[in-house]
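Reviewing the structure listed below.
We name chains A, B, ... by the order of the sequence lines, and we start the count at 1 in each one. Keep in mind the model is a prediction, meaning the values are calculated, not measured.
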There are 2 protein chains.
Amino acid sequence: MATSDPVYLRVVEDIRRQINDGTLPPGAPIPSRAQLTRKYQVGETAARHALRVLVTEGLIIGRVGSGHYVRERPILMPLHRWRFPEHPTPFAADLQTQGRRVTWEWQIDSTEATPEIARRLRLPLSAKLTRTRYLYRGEGRPLQLAVSYEPVEFAAHLDEERRGVVARMSAHGVRITEIRETVHTRVPRPAEADALQLPAGTHVLHVERTHWAGERPMETSDIVLPGDRFRVTYSMPVG
Amino acid sequence: MATSDPVYLRVVEDIRRQINDGTLPPGAPIPSRAQLTRKYQVGETAARHALRVLVTEGLIIGRVGSGHYVRERPILMPLHRWRFPEHPTPFAADLQTQGRRVTWEWQIDSTEATPEIARRLRLPLSAKLTRTRYLYRGEGRPLQLAVSYEPVEFAAHLDEERRGVVARMSAHGVRITEIRETVHTRVPRPAEADALQLPAGTHVLHVERTHWAGERPMETSDIVLPGDRFRVTYSMPVG
DNA sequence: GCCGCAAAGTTGGGGCTCCAAGGGTCGTCG
DNA sequence: CGACGACCCTTGGAGCCCCAACTTTGCGGC
C-alpha cells in the first residue's frame, strides 16, 4: 500500500487484486514481462520477480513460450470423514460417492519399521512390516498418494482382497475400535511433487491415519493430498 | 540429479540434503551468496535464486545484514479433536492441557453475513450476525487466529461469558448435537501473515468449524493456524 | 577492562543483458 | 488445400552490477 514498499509488490498486489475480484478470470493471460515493464514503469527484474511470486503463491502458472495465465482454480474436493461404520474409511470411497471416476494402482512389498513408523505402531525398530503403496487417480489425473504399513501376519492375501482394514482385521479376530487421523501441511517432497504433478508453490495435506484395536495400533498410513484441491471434513457428535 | 538440470537446483538439492540429514542442524548458518558462488562455481544469480527457493520452502530464513540460517523446526503442536463432551471445543483448551501458557484477546462486533458465511449458516444474505475475532498467543508469540459468527439473538452477554458455544447455546434451549470441521491449506492472506508473524513460504491450515443443532447450523468459525507448527488430530470411533 | 566507532560482510531491492527452448502465427510452396 | 518452415514472442536460466539498510567484528582510545 505505502509508496515506500518495493515496486515489485505493487505489481504483485495489483494483479492479485484483479484475480481475486474476478477482473482476471481463471485461464486469463497475464501481461508478459515486456508488457509489465511498460505498464507499471518498472525494470525487467521487478516484473520477473512479481511473476515469480505469483507463481509460487499458486495464483498463476507460467507456460514457456506462451505466457503466464491465471490458474484454473481446481475444484476443492470434499472428503467427508464420519463416524464409522456408517461410512467406510478409504478416501477413494468418498471420492466415488461424488460421482468421480477414481482408479487406483498399488504395489505391495515388505519392509522394516523406520523410527517414525515403529513409534506409531508401538513396535520395535526394524520390525517386519507389509507396505502397500497406493496412487489414486481421478479422471486419469493423479489425486492422492498413500502408503500403508501393517504387521506381516495380518497382510496375507492382501493383494487379492478388496476389503478395507476394518473388515480384514476382523477376519483375524481383531476388532478395530477407533481410527485416529492427524492432519498437517508441508512442502511436498520431490518424489511427491512428481507423482502428483504438483505445480510450483502448492503444499500438500499430510494425513496420518492409524487404526486402533483398543490401545493397540494395528495399521498406520500416510496419505498425501494436493493441498489446494482437497478439503477434509470431520464430524464429531456431541453428548 | 542429472547434469542437465539448472545449476541453482544443484545448490538447492545439496543444501536441502545437508539440512535433512542433519549435517546442517537448526540454527546453523548457510554460506553467503559470495561463498556459494565460489563453493559451487556458479554466478551470483544462481546462488541468490537457490537461497530464495530454500526460503520459500521454509527450510531456511534470511536475516538482513547477518546471513541465512537453517530454520528452527518449530515444535509441531498437536491439537486433539475427540468426541464430545469428553473434550471441549476451543483449540485454546487443547493447548493449555499441554502445559503451555496460552493467552487470548478478542473483539466483538456486529456484521452482516457474507455469501460464504450465509451459505454455511443457511441464513439469508446480509443477515445480522455477531462476529468475534480471537487472537491466541502461546508464550507471547501469536499462535492462531479465529473468527466466529453466530446469529445476534444468541450472542447476548458474549463479552462477559467464558463458556463455550455448546454451553451458551444450551442456556438458550438449543442443544448442539454435532460439530463439523473442514480442514484445508492455503497461502496466508497478507493480514494473516502479519498477525501470525509468518515467515515467507509457510502455508496456513484453515479449519472451518460449524456447530449444528440437528440440521440447523448455529455457529461457524474460521480458524487459521500456521501450517508448519500445528497438526490437528481427529478421533473417530468405529462401530 | 570496557565503550564506541568504523570497516567489512550480508541480505534484499532493482537494473540490464544474453541465450536456449518452446509456442503461435502466417505465408509460401508443393 | 494442406503441410511445413520462418519469424516473433514468451518463459526461465544465468551472469554481472549498483546500492541501501543492517549486523558483526575488531580496533583504538579512554
Handout entry: Salt bridge B:E116-B:R120, side-chain N to carboxylate O under 4.0 Å
Key = yes
Exercise for the section: Please state how far atom CG in B:L54 lies from atom P in C:dG12, giving the value in whole angstrom units. Expected result: 12 Å
Handout entry: Phosphate OP1/OP2 of D:dT11: any A:H68 side-chain N/O under 4.0 Å
Key = yes
Problem - Candidate nucleotides C:dG12, C:dT10, D:dA14, ranked by approach to the side chain of B:Q35 - the nearest - result: C:dT10
Practice task
Any salt bridge (charged side-chain N to carboxylate O under 4.0 Å, His left out) involving residues 29-43 of chain B? Give me the pairs, sequence neighbours left out, ordered by first then second residue.
Solution key: B:R33-B:E44
Practice task
Report, as yes or no, whether the 6.0 Å neighbourhood of atom CZ on B:R52 holds more than 12 heavy atoms from other residues, nucleotides or ligands.
Solution key: no
Handout entry: B:R209 backbone acceptor or donor facing B:T220 side chain under 3.5 Å
Key = yes
So which protein nitrogen or oxygen atoms get under 3.5 Å of nucleotides 15-20 of chain C's nitrogens or oxygens?
unit_1: C:dG15; atom_1: OP1; unit_2: A:G43; atom_2: N; d: 2.8
unit_1: C:dG15; atom_1: OP2; unit_2: A:G43; atom_2: N; d: 3.0
unit_1: C:dG15; atom_1: N7; unit_2: A:T45; atom_2: OG1; d: 2.6

Problem - A:R52 side chain, from C-beta outward: closest of D:dG13, D:dT11, C:dG13 - result: D:dG13
Practice task
Look at the side-chain N and O atoms of B:H49 and state whether any lies under 4.0 Å from the OP1 or OP2 oxygen of D:dG15.
Solution key: no
Exercise for the section: Check the distance between C:dT11's C1' and B:L36's CG and give it to me in whole angstrom. Expected result: 13 Å
Practice task
Give a yes or no on whether the backbone of A:A113 and the side-chain of A:S126 come within a donor-acceptor separation of less than 3.5 Å.
Solution key: no
Exercise for the section: Determine: side-chain N/O of A:Y8 to OP1/OP2 of C:dG14, distance under 4.0 Å, yes or no. Expected result: no
Handout entry: Between C:dG12 (P) and A:L9 (CG): distance, integer Å
Key = 14 Å
Practice task
Measure the acute angle between the ring planes of B:W104 and B:Y136, then classify it against the limits of 30° and 60° as parallel, tilted or perpendicular.
Solution key: tilted
Practice task
Specify whether A:Y134 and A:W106 have parallel, tilted or perpendicular ring planes, treating 30° as the upper limit for parallel and 60° as the lower limit for perpendicular.
Solution key: tilted
Exercise for the section: Look at the side chain of B:R231 and the backbone N and O of A:T182, then say whether any donor-acceptor pair between them is shorter than 3.5 Å. Expected result: no
Please write out the pairs of protein N or O atoms and N or O atoms of nucleotides 21-26 of chain C separated by less than 3.5 Å, giving the distance to one decimal.
unit_1: C:dG22; atom_1: N2; unit_2: A:G65; atom_2: O; d: 3.1
unit_1: C:dG23; atom_1: O4'; unit_2: A:G65; atom_2: O; d: 3.4

Problem - Contact summary for B:V207 and B:V183, nearest pair of heavy atoms - result: CG2-CB, 4.2 Å
